[in-house]
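Since the structure comes first, as structure tokens, the remarks are kept for the end.
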Amino acid sequence: MARPLHFPSAFRDIRMRRGLLQKAVAVELRVDPAVLCSIEKGTRAPLDDQTLSEAARLFNLSEAELTELCWAARHDRLVSALCQKGATAGELALVSAALFASHHLRTDDLPGLINSVQRVGESARMISSLTSPKGGLEVSMS
């Protein structure tokens, strides 16, 4: 399973909506065209914050577009760091989904999301203890 990245498509979509060629954007941002191509493919890390600011000016981004692009870069940096630390595909998908949900919730709704995830964790521990060979229920199907 591939890493759940958001920046490559967000950046590429904005660039294409503006009708700009990848090579022209690379020149304007003073980034090697091959590097920008790799970023848009998701094989390299997102642009750094300074270059993102330059891209925002070049693309004439609205505040909402800039916020979304910065979030996508932050998301991908976190997911990539976890991937480098050996996170499994399932763990990456879970973290990505939680980040996505938290990004789209109001700040005062975040405690509810956190509480829900914690309750799922508690339920999983209870089920695991009930079905483990050492301490819970064991049902024979004979």
Side-chain angles (χ1 to χ4, degrees), residues 1-139 141:
M1 176 179 169
R3 289 177 295 155
L5 301 177
H6 291 276
F7 185 82
S9 60
F11 187 85
R12 185 178 47 253
D13 291 349
I14 290 171
R15 177 183 60 75
M16 293 177 79
R17 281 197 308 270
R18 299 301 194 270
L20 298 170
L21 297 175
Q22 192 179 68
K23 187 171 184 173
V25 169
V27 168
E28 285 291 325
L29 297 177
R30 295 175 300 284
V31 174
D32 184 283
V35 169
L36 187 59
C37 180
S38 295
I39 289 169
E40 286 192 8
K41 287 180 180 177
T43 57
R44 287 189 72 124
L47 297 170
D48 61 53
D49 289 341
Q50 181 179 347
T51 309
L52 259 179
S53 294
E54 293 173 27
R57 282 191 296 282
L58 174 66
F59 293 159
N60 194 28
L61 295 182
S62 68
E63 189 64 34
E65 288 172 318
L66 178 57
T67 298
E68 194 63 29
L69 198 57
C70 288
W71 174 82
R74 197 168 46 255
H75 167 278
D76 290 5
R77 287 182 193 120
L78 285 168
V79 167
S80 293
L82 290 172
C83 187
Q84 290 172 358
K85 296 285 186 182
T88 66
E91 291 166 337
L92 294 174
L94 179 63
V95 168
S96 177
L99 289 169
F100 187 81
S102 70
H103 174 63
H104 290 88
L105 289 172
R106 294 184 325 232
T107 303
D108 55 338
D109 291 332
L110 287 177
L113 173 64
I114 294 166
N115 187 27
S116 295
V117 172
Q118 288 171 334
R119 286 195 341 249
V120 168
E122 291 165 9
S123 296
R125 277 190 298 277
M126 285 178 37
I127 290 169
S128 178
S129 72
L130 290 173
T131 58
S132 74
K134 289 187 179 178
L137 300 175
E138 229 173 273
V139 179
M141 299 299 258

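Only this structure's heavy atoms are used, side chains among them; waters, hydrogens and symmetry mates stay out.
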Approximate separation, where rounding is to 0.5 Å, of [X] [atom1] and [Y] [atom2]:
{"X": "R74", "Y": "R77", "atom1": "CZ", "atom2": "CZ", "value": "8.5 Å"}
{"X": "L69", "Y": "I14", "atom1": "CG", "atom2": "CD1", "value": "4.5 Å"}
{"X": "L99", "Y": "L92", "atom1": "CG", "atom2": "CG", "value": "10.5 Å"}
{"X": "S102", "Y": "H75", "atom1": "OG", "atom2": "NE2", "value": "9.0 Å"}

Backbone of [Y] reached by a side-chain donor or acceptor of [X] within 3.5 Å:
{"X": "S38", "Y": "A34", "value": "yes"}
{"X": "E65", "Y": "S62", "value": "yes"}
{"X": "S129", "Y": "M126", "value": "yes"}
{"X": "D76", "Y": "F7", "value": "yes"}

- Task: Using the six-membered ring wherever Trp is involved, compare the ring planes of W71 and H104 and label them parallel, tilted or perpendicular (cut-offs 30° and 60°).
- Result: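 Perpendicular.
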- Message: Check this for me: does any side-chain nitrogen of one of E91 and K85 sit under 4.0 Å from a carboxylate oxygen of the other?
- Response: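 Between K85 and E91 there is no salt bridge, as every charged N stays at least 4.0 Å from the carboxylate O atoms.
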- Query: Is there any side-chain hydrogen bond (donor to acceptor under 3.5 Å, both in side chains) pair reaching into residues 5-16, and which pairs are they, with sequence neighbours excluded?
  - Reply: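 Checked against side-chain hydrogen bond (donor to acceptor under 3.5 Å, both in side chains) - neighbours excluded - the pairs reaching residues 5-16 are R15-E40.
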- F59: partners by ring pair (Phe, Tyr, Trp, His ring centres under 6.0 Å), with sequence neighbours left out: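 For F59, the residues satisfying ring pair (Phe, Tyr, Trp, His ring centres under 6.0 Å) (neighbours in sequence not counted) are F11.
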- For the pair K41 and L5, evaluate side chain to side chain contact (heavy atoms under 4.5 Å, CB included) and give the outcome as yes or no after the intermediate values. CA-CA 10 Å; K41 287 180 180 177; L5 301 177; over 6 Å; no
- Task: May I ask you to test the I39-P8 pair for a side-chain heavy-atom distance under 4.5 Å?
- Result: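 With C-beta onward as the side chain, the pair stays apart.
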- Would a 4.5 Å heavy-atom cut-off, applied to side chains only, mark C37 and Q22 as touching?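 Yes, close enough: below the 4.5 Å cut-off.
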- Could you go step by step and tell me if L36 and V25 meet the side chain to side chain contact (heavy atoms under 4.5 Å, CB included) rule? CA-CA 8 Å; L36 187 59; V25 169; 3.8 Å; yes
- Message: Under the criterion side chain to side chain contact (heavy atoms under 4.5 Å, CB included), I'd like the reasoning laid out for R106 against D109: C-alpha separation, chi angles, the key distance, then a yes or no.
- Response: CA-CA 5 Å; R106 294 184 325 232; D109 291 332; 3.4 Å; yes
- Looking only at heavy atoms, which two atoms of L113 and A98 are closest? And how far apart?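 L113 and A98 have their closest heavy atoms at CD2-O, 4.1 Å.
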When the side chains of residues 46-58 are checked against the rest of the protein, which donor-acceptor pairs come out under 3.5 Å, sequence neighbours left out?
from	atom 1	to	atom 2	distance (Å)
D48	OD1	Q50	N	3.1
D48	OD1	T51	N	2.7
D48	OD1	T51	OG1	2.9
D48	OD2	T51	OG1	3.4
S53	OG	D49	O	3.2
E54	OE1	R30	NH2	3.1
E54	OE2	R30	NH2	3.4

